[in-house]
Amino acid sequence: MTIQTRELSHLLMNAEKTRKGVSPLTNMNPDLTVKEAYNIQMDNIQVKLENGETISGKKIGLTSLAMQQLLGVDEPDYGHLLQSMEVKNGGVVSRRQLLEPKVEGEIAFFLKKDLTGPNVTVEDVLDATGYVVAALEVVDSRVAGWKIKLCDTIADNASSGLYVLGDKKIQPHQINLKEEKMSFYKNQQLMNKGVGKAALGDPAYCVAWLANKLSEFGITLKANEVILSGALSAAVNAEEGDEFVAKFQTLGEVKVNFE
């Protein structure tokens, strides 16, 4: 017996509230489609909006080869960012509020104009961007053990958790986004390195992809939204007492601590 999408929505919401992961949705409903998975995501986002949450932006997931290999998928996805997900640069996160968090470094775009697909280009993205900043994303999975396929993570709001934005704001035409280098540290130990082009060849292309993808659902990227353009290297597990720092060549540092 397969479980219907509304029940799957409830299971994910309950997992987030109780901090207890659920079995893969694709096991409970092997016929789950990408469209249905996005509908599950939107159902739960709508519930949060009705409860007073506010959308602050979007995130693009699974853009780097490292992340695709880690999770066994071969295409990107997207999720919604809420204001309650933002953590101040250098801030402290309670490990107990999350299930199985991992941290990754990215480049974030702050939009000054709307972006409406289809046919959005990289140049359109750059023109619509007020500035870019260094960012950390704390990804998390309501699916136990990160045993996810593409539809699992899509339904689970692209495995979103929290995000941290750096303080150094740079206009997009003043930086080579594709060649921007990042070194990623956990507890002062270098874990991995990344470069802008690890995200689908160009972080700005990722944002263009998102704008065009969202046009299929009648959604526009809005001015004043933050767009996390995708991980530049593999995500690293986070536990109590851990400190994560991403050091960028031009964009400076962004940091988060877990307690």
Side-chain angles (χ1 to χ4, degrees), residues 8-19 21-22 25 37-63 76-112 114-115 129-143 148 152-166 206-207 210-211 213-214 217-231 235 238 244 254 256-258:
L8 295 175
S9 299
H10 292 323
L11 285 171
L12 284 175
M13 188 70 80
N14 189 60
E16 183 173 347
K17 290 177 180 177
T18 63
R19 310 292 185 247
V22 297
L25 278 59
Y38 277 119
N39 286 339
I40 291 171
Q41 178 187 138
M42 286 306 306
D43 284 346
N44 283 341
I45 290 296
Q46 187 59 42
V47 169
K48 292 182 178 183
L49 295 179
E50 291 170 359
N51 289 332
E53 295 270 19
T54 303
I55 290 174
S56 56
K58 309 289 191 302
K59 63 153 286 185
I60 308 164
L62 313 182
T63 53
D77 67 350
Y78 75 87
H80 290 74
L81 301 178
L82 303 172
Q83 283 187 352
S84 61
M85 294 179 178
E86 184 173 359
V87 178
K88 186 177 180 180
N89 188 14
V92 179
V93 173
S94 171
R95 172 65 178 79
R96 293 179 295 280
Q97 77 181 85
L98 302 162
L99 285 83
E100 301 180 65
K102 303 173 184 283
V103 184
E104 57 195 28
E106 335 200 342
I107 296 172
F109 291 66
F110 187 87
L111 300 182
K112 62 182 180 181
D114 292 359
L115 275 174
T129 299
Y131 57 84
V132 293
V133 295
L136 293 174
E137 184 182 3
V138 181
V139 292
D140 198 13
S141 181
R142 273 57 63 174
V143 178
I148 58 176
D152 295 297
T153 185
I154 289 173
D156 191 22
N157 196 26
S159 304
S160 297
L162 305 167
Y163 67 98
V164 188
L165 300 178
C206 296
V207 180
L210 178 61
K213 180 70 174 178
L214 288 175
F217 301 90
I219 299 173
T220 293
L221 294 181
K222 299 287 190 179
N224 298 318
E225 285 193 334
V226 174
I227 311 298
L228 299 183
S229 61
F244 292 89
V254 59
V256 71
N257 299 274
F258 287 79

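Worth knowing before you read on, the calculation uses all heavy atoms, side chains too, and leaves out hydrogens, waters and symmetry mates.
The two residues Ser9 and Asn44 come nearest to each other via the heavy atoms O-ND2, 3.2 Å. Contact between Leu25 and Ala155 at its shortest, heavy atoms only, is CD2-CB, 3.7 Å. Taking all atoms of both residues into account, the shortest heavy-atom contact from Ala108 to Leu165 is CB-CD2, 3.8 Å. Annotation for Glu53 and Ser84: closest pair OE1-OG, 2.8 Å, computed over non-hydrogen atoms. When all heavy atoms are compared, the tightest approach of Leu136 to Gly105 is CD2-CA, 4.2 Å. Scanning all heavy atoms of the two residues, the minimum distance from His80 to Gln41 falls at ND1-OE1, 2.9 Å.
No side-chain heavy atom of Ile227 sits under 4.5 Å from any side-chain heavy atom of Leu115. Between Thr129 and Val207 there is no side-chain heavy-atom pair separated by less than 4.5 Å. Contact annotation: the side chain of Lys213 never approaches that of Ile60 to less than 4.5 Å [non-hydrogen atoms, C-beta and beyond]. Put simply, the side chain of Asn51 reaches to within 4.5 Å of the side chain of Val47, judged on heavy atoms. Between Val103 and Phe258, the closest side-chain pair of non-hydrogen atoms falls below 4.5 Å. Between Leu82 and Ile55, the closest side-chain pair of non-hydrogen atoms falls below 4.5 Å. Annotation: side chain of Glu86 is not in contact with side chain of Val226 (no heavy-atom distance under 4.5 Å). Leu162 has its side chain out of reach of Val256: every pair of non-hydrogen atoms, C-beta onward, lies at least 4.5 Å apart.
Between Tyr78 and Phe217, the ring planes lie perpendicular to each other; the angle is over 60°, past the 30° to 60° tilted range.
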- Task: Verify side chain to side chain contact (heavy atoms under 4.5 Å, CB included) between Val93 and Leu98, making sure each step is shown before the conclusion.
- Result: CA-CA 9 Å; Val93 173; Leu98 302 162; 3.9 Å; yes

- Task: Go through the steps for Met13 and Arg142 under the test side chain to side chain contact (heavy atoms under 4.5 Å, CB included), then give the verdict.
- Result: CA-CA 8 Å; Met13 188 70 80; Arg142 273 57 63 174; over 6 Å; no

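When each of Leu210, Asn157, Thr153 is tested with Asp77 by the rule side chain to side chain contact (heavy atoms under 4.5 Å, CB included), just one qualifies, namely Thr153. Considering Glu104, Glu225, Glu137 as possible partners of Lys59, the one that fulfils the salt bridge (Lys or Arg N to Asp or Glu O under 4.0 Å) test is Glu137.
Ser229 places a side-chain N or O within donor-acceptor distance of the main-chain N or O of Ile107, the cut-off being under 3.5 Å. In this structure a side-chain-to-backbone donor-acceptor pair under 3.5 Å is missing from Asp140 to Ser160. Using a distance-only test at 3.5 Å, with no hydrogens or angles considered, no donor-acceptor pair links the side chain of Asn89 to the main chain of Val254.
Atom CG of Leu228 sits about 10.5 Å away from atom CZ of Phe109, to the nearest 0.5 Å. Atom OG1 in Thr220 sits 11.0 Å away from atom CG in Leu111 (nearest 0.5 Å). Taken to the nearest 0.5 Å, the OH atom of Tyr38 stands 8.0 Å off from the CG atom of Leu214. Rounding to the nearest 0.5 Å gives a distance of 9.0 Å between CG of Leu81 and CD1 of Ile45.
Applying the 6.0 Å contact sphere to NZ of Lys112 captures more than 12 heavy atoms from other residues, nucleotides or ligands.
No side-chain N or O of Ser159 forms a donor-acceptor pair with one of Ser141 less than 3.5 Å apart.
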